[in-house]
Amino acid sequence: MSEKSEQQRLSVFKTYKLYVGGKFPRSESGRVYEVSDSKGKWLANAPLSSRKDARDAVVAARKAFGGWSGATAYNRGQVLYRVAEMLEGRRDQFTREVADAEGLSKSKAAAVVDATIDRWVWYAGWTDKIAQVVGGGNPVAGPFFNLSSPEPTGVVAVLAPRESSFLGLVSVLAPVIATGNTAIVVASENAPLPALSLAEVLATSDVPGGVVNVLSGRTAEIATPLASHQDVNAIDLAGADEVLAKELEMAAADNLKRVLRPQPVDYAETPGTDRLTAFLETKTVWHPTGSLGASGSSY
C-alpha cells in the first residue's frame, strides 16, 4: 500500500446502540441525539430511547429474572468477575470515553477507570457473603427454628448518575445484579457513551441476556414509564434531579415500588452495603425443632 493511500484512509465510525435482551437494537423510533464532550465537540449520535424501548427492556428483564435469581451466589460472583476481566482488557477505550465525557485529563480518566474496575470486583466478592450479613437464625420463644434469608426484589430500574458516567454507573448497577435482581439502566443523558460501551462488555462476558438492559436518551422520557410500570419492582433515582425524583416517586407509589431516593454520594469512596441491601427482600421460615428421646430434649 502506498504512503498516499495510507494517508487517505478514513477511520471506522462507531455506531452506538441500545442493549436490550442481550441484543443491540436501534431505538424503535429511529431517533438519535447528539452527544458532545465537555467542550461542546461532537462525539457521536446516541439512540434516543422511547417509551416502547423502555417497555421492551422490562419484558427482557422479567424474562431473565428467574434464571439469574436462581443461580447460585457463587456463580453470580464468577460472572461479575468475568466482566471485570473484560473491562481490564478494554481499559484504554474506557479511558478515552471517560476523559471525553467528563472533561478529565487522560491520567485522571485512567484513575477513574481503574477505580471502576476495582468497584466491580468489590461487588463481585459480595455475592456469596451478603446473605451472612443480613440473614441468619433468629432466637424465638418456642420449639422452632426461625431463619431469615435475603431474596432479590425483582426488576429494578436504575437511573445512572448524571456526572459520574462510569464509576457512578457501575456503583449503582453492580449491587443490583450482584444480589440477583435484573436491571434496566437509563444512562447519563449528557454522557451515555461509557454506559453503551459497558453493554458491549456485558454482551461478551457471561452475563445472560436481559439481566442488564441499557437505554440512552432523555432521562425523564424514559424514566417516567419505568416508574409507573406495573412489572418494575423497584427504582433507583440516583440520576434524577429534585423535581423529577418527586414526580417519579409519586408514579412509583401506584404499585408500591421500592424507591431509593437520590442523595449526595462520593463515588470515589469505598461503598458500604447500603445499595446491596436496598433491593433485597427478607424471607423468614419457621420450622419445628421436634424432640429427641424419652426426656423430650429438643434440638
Side-chain angles (χ1 to χ4, degrees), residues 19 21-22 60-90 94 113-137 147-158 160-161 166-185 195 198-214 232-236 238 258 260 265 267-285:
Y19 184 55
R62 178 57 63 190
K63 184 177 180 181
F65 177 70
W68 184 244
S69 62
T72 65
Y74 177 72
N75 179 244
R76 287 199 299 271
Q78 288 180 308
V79 171
L80 264 66
Y81 188 82
R82 175 61 178 163
V83 174
E85 291 179 346
M86 299 295 287
L87 286 172
E88 188 77 38
R90 297 177 66 166
F94 282 103
V113 172
D114 288 344
T116 303
I117 298 170
D118 293 346
R119 182 65 44 83
W120 198 279
V121 173
W122 194 85
Y123 277 116
W126 270 104
T127 56
D128 58 355
K129 301 174 182 65
I130 190 64
Q132 288 85 352
V133 174
V134 298
L147 304 174
S148 293
S149 59
E151 292 189 339
T153 296
V155 175
V156 181
V158 179
F166 196 41
L167 178 56
L169 166 72
V170 166
S171 296
V172 297
L173 170 61
V176 169
I177 64 173
T179 48
N181 299 288
T182 54
I184 301 109
V185 178
L198 175 63
E200 297 172 358
V201 171
L202 298 173
T204 52
S205 303
D206 300 321
V207 181
V211 170
V212 178
N213 305 274
V214 182
V232 174
N233 303 105
I235 187 167
D236 185 342
R258 180 169 292 196
L260 185 60
V265 178
Y267 291 108
E269 295 292 327
T270 301
T273 59
D274 290 353
R275 277 199 150 79
L276 284 165
T277 58
F279 303 115
L280 286 174
E281 309 290 343
T282 300
K283 178 177 73 175
T284 300
V285 177

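In this chain, residues are counted from 1 in sequence order.
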Would you check if [X] and [Y] make a side-chain contact, meaning some heavy-atom pair closer than 4.5 Å?
| X | Y | answer |
| --- | --- | --- |
| Val201 | Trp120 | no |
| Thr179 | Thr153 | no |
| Val133 | Trp126 | yes |
| Val134 | Thr282 | no |
| Ile117 | Phe94 | no |
| Val170 | Tyr267 | no |
| Val176 | Val172 | no |
| Leu260 | Phe279 | yes |

So how far is it from [X] [atom1] to [Y] [atom2], rounded to the nearest 0.5 Å?
| X | Y | atom1 | atom2 | value |
| --- | --- | --- | --- | --- |
| Asn181 | Asn233 | CG | CG | 8.0 Å |
| Thr273 | Ile130 | OG1 | CD1 | 5.0 Å |
| Leu280 | Leu276 | CG | CG | 7.5 Å |

Closest non-hydrogen atom pair, [X] against [Y]:
| X | Y | result |
| --- | --- | --- |
| Tyr123 | Ala174 | CD1-CB, 3.7 Å |
| Ala61 | Val155 | CB-CG1, 3.8 Å |
| Glu281 | Arg258 | OE1-NH2, 3.1 Å |
| Val211 | Ala64 | N-CB, 3.7 Å |
| Ala131 | Pro150 | CA-CG, 3.7 Å |
| Val214 | Ala195 | CG1-O, 3.9 Å |

**OP:** Give the intermediate values and the outcome of side-chain contact (heavy atoms from CB on, under 4.5 Å) for residues Thr127 and Tyr74.
**Re:** CA-CA 7 Å; Thr127 56; Tyr74 177 72; over 6 Å; no
Subject >> Test item: side-chain donor near acceptor, Arg82 and Ser205, under 3.5 Å >> reply: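 Judged by distance alone, the side chains do not pair up.
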Original post:
Who pairs with Thr204 by side chain to side chain contact (heavy atoms under 4.5 Å, CB included), at least two apart in sequence or on another chain?
Top reply: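 Residues passing side chain to side chain contact (heavy atoms under 4.5 Å, CB included) with Thr204: Met86.
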Subject >> Option passing side-chain contact (heavy atoms from CB on, under 4.5 Å) with Leu167 (candidates Val113, Thr116, Asp114, Asp118) >> reply: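 Testing Leu167 for a side-chain contact (heavy atoms from CB on, under 4.5 Å) against Val113, Thr116, Asp114, Asp118 leaves exactly one candidate, Thr116.
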